[in-house]
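In what follows, chains are A, B, ... by sequence order, proteins preceding strands, each numbered from 1.
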Protein chains: 2
Amino acid sequence: MICEAPPRKRRKEARPSELTAAALGLFVEKGFAATRLEEVALRAGVSKGTLYLYFDSKEALFKAVIQEGIIPVVAEAEAIAARHAGSAFDLLERLLENWWARIGETDFAGIPKLMIAEARNFPEIAQFYYENVIRRGRALVGAALERGMASGEFRRMDIETTIEVIIAPLLMLLIWRFSMGSCQSKQADPRQYLAIHMDILRQGLQHPRV
Amino acid sequence: MICEAPPRKRRKEARPSELTAAALGLFVEKGFAATRLEEVALRAGVSKGTLYLYFDSKEALFKAVIQEGIIPVVAEAEAIAARHAGSAFDLLERLLENWWARIGETDFAGIPKLMIAEARNFPEIAQFYYENVIRRGRALVGAALERGMASGEFRRMDIETTIEVIIAPLLMLLIWRFSMGSCQSKQADPRQYLAIHMDILRQGLQHPRV
DNA sequence: TAATTTACTGACTGAAAAGTCATTAAGCAT
DNA sequence: ATGCTTAATGACTTTTCAGTCAGTAAATTA
């Protein structure tokens with residue numbers, strides 16, 4: 001059997017995003033150091049040399065993966081918060097729903113695991129991610145909490161810590177999917193997971209009964 | 001200045017645990033693939049050749065790191081649950097406290113991040129960890145929840161999902177410390193974090209007000 | 001159709017790190 | 001002390017992979 005190489009195509013515009021998409025998948029799956037650039041290129045349907053036409057180095061590729069992924073989503077969440085009218089809990093719920101729809105159900109879902117695994121090896125990229133995604137995401141949740149506490153809808157608690165406790169289960173849901181998730185047969189249903197989390201929060205953030 | 005090599009010492013008994021301790025630290029910090037065995041040996045005060053006297057390969061070293069770390073702690077938690085007498089929420093609280101004292105405040109604290117980052121690359125080790133740590137840990141929390149629901153202390157919710165929502169913030173606390181933690185100046189106080197989490201849970205798991 | 005440009009290729013290079021082994025010396029036995 | 005066993009060493013070999021570059025062919029222009 002003769003395997004001919006597939007015909008070359010010249011597609012200057014499409015290459016960078018095809019390459020970052022392939023790289024994201026492999027980085028999430030195997031980690032940055034364990035991913036071979038040849039494999040990234042292969043998955044993008046291109047040769048290794050082509051990869052170096054568009055990215056100076058492996059680290060530059062990583063930086064591009066992170067930068068192009070997630071920042072538009074944060075901006076969108078800020079817009080949602082800005083024009084929200086209902087209760088504070090309602091806003092929380094909408095933020096988390098949106099986050100799930102825009103991250104959890106897309107290819108970006110692997111970014112949190114990737115960022116967590118590599119933060120120490122790439123402090124500059126971690127810093128960028130922290131400033132542009134984490135800090136802004138937390139600020140949104142924090143503002144919702146403050147509003148709810150000011151209006152009497154929520155009881156008073158330490159804001160910074162409560163933010164983390166609220167966000168943690170969402171992050172774990174994704175992290176799990178790309179790590180130990182393959183060990184268990186039936187994956188928890190994300191929608192139900194979110195519902196129960198919000199349910200506990202709805203009641204847990206209230207003023208205690210007298 | 002003349003740097004003499006420090007004198008050799010023969011310490012067959014102590015080597016394996018010194019090596020796994022050094023390896024754990026570096027694996028957590030840099031990831032498995034990015035850690036050089038020469039650096040592991042150096043940190044353990046030994047040469048690379050010595051490392052290979054005790055471990056057949058880099059992967060064997062990784063396996064040893066995971067196996068020796070955390071299983072005794074799970075067994076201890078099971079003992080605590082077995083002899084517990086008070087309320088179900090009290091048991092939950094004691095389990096989480098114990099977990100924090102035995103994992104969160106020890107050198108094992110990095111294991112969850114390590115396991116999450118490498119699970120996909122070492123499915124066999126991940127499976128072992130899942131069966132011996134995760135499944136058993138979850139079973140404990142699940143039993144406490146069931147007891148509380150049976151006695152009427154908690155409202156009825158899907159057990160499996162609730163377990164995850166309860167555990168997630170604890171895992172994130174550790175994962176954070178070994179990843180993005182270095183990006184923010186003031187780290188959240190773990191004790192306060194746990195207190196708020198338990199506080200939300202105490203109220204969130206109750207029967208709703210009528 | 002021929003000439004020109006440039007996106008693309010893949011064999012090659014050098015460096016870095018895993019893994020090996022002949023040699024050395026610490027500690028024990030006599 | 002002297003010889004013996006074996007833990008420990010570090011220079012060496014092998015493998016792997018990021019990064020390079022001379023050449024190829026797809027598109028575009030004349």
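- Counting non-hydrogen atoms under 4.0 angstrom, B:L53 reaches a base of the nucleic acid.
- The nearest whole Å value for the distance from the CD atom in B:E59 to the P atom in D:dT16 is 15 Å.
- For D:dT16, its base never sits under 3.5 Å from the side chain of A:R36 at any donor and acceptor pair.
- For C:dG27, the OP1/OP2 oxygens have no side-chain nitrogen or oxygen of B:R8 closer than 4.0 Å.
- Under the 6.0 Å distance and 45° angle rule, B:K63 does not count as a cation-pi partner of B:F122.
- Between D:dT6, D:dA27, C:dT24, one nucleotide has an atom nearer to the side chain of B:R10 than all others, and that is D:dT6.
- An OP1 or OP2 oxygen of D:dT9 is reached within less than 4.0 angstrom by no side-chain nitrogen or oxygen of B:Y52.
- Counting distance only, with no hydrogens placed and no angle test, the side-chain atoms of B:K48 and the base atoms of C:dA18 include a donor-acceptor pair under 3.5 Å.
- Taking the side chain of B:L37 as heavy atoms from C-beta on, and the options D:dA8, D:dG19, C:dA18, the nearest nucleotide is C:dA18.
- In terms of phosphate contacts, A:T50 brings a side-chain nitrogen or oxygen within less than 4.0 Å of OP1 or OP2 of C:dT9.
- Both A:L51 and B:D56 sit near DNA chain C, but only A:L51 has its closest nucleotide nearer the 5' end.
- The distance between atom NZ of A:K12 and atom C1' of D:dA26, rounded to the nearest whole Å, is 15 Å.
- Residue contacts shown for B:F55 are absent, as no nucleic acid heavy atom lies under 4.0 Å away.
- Taking the side chain of A:K9 as heavy atoms from C-beta on, and the options C:dC8, D:dA27, C:dA18, the nearest nucleotide is D:dA27.
- A cation-pi arrangement, defined by a distance under 6.0 Å to the six-membered ring centre and an angle within 45 degrees of its axis, is present between A:R138 and B:W176.
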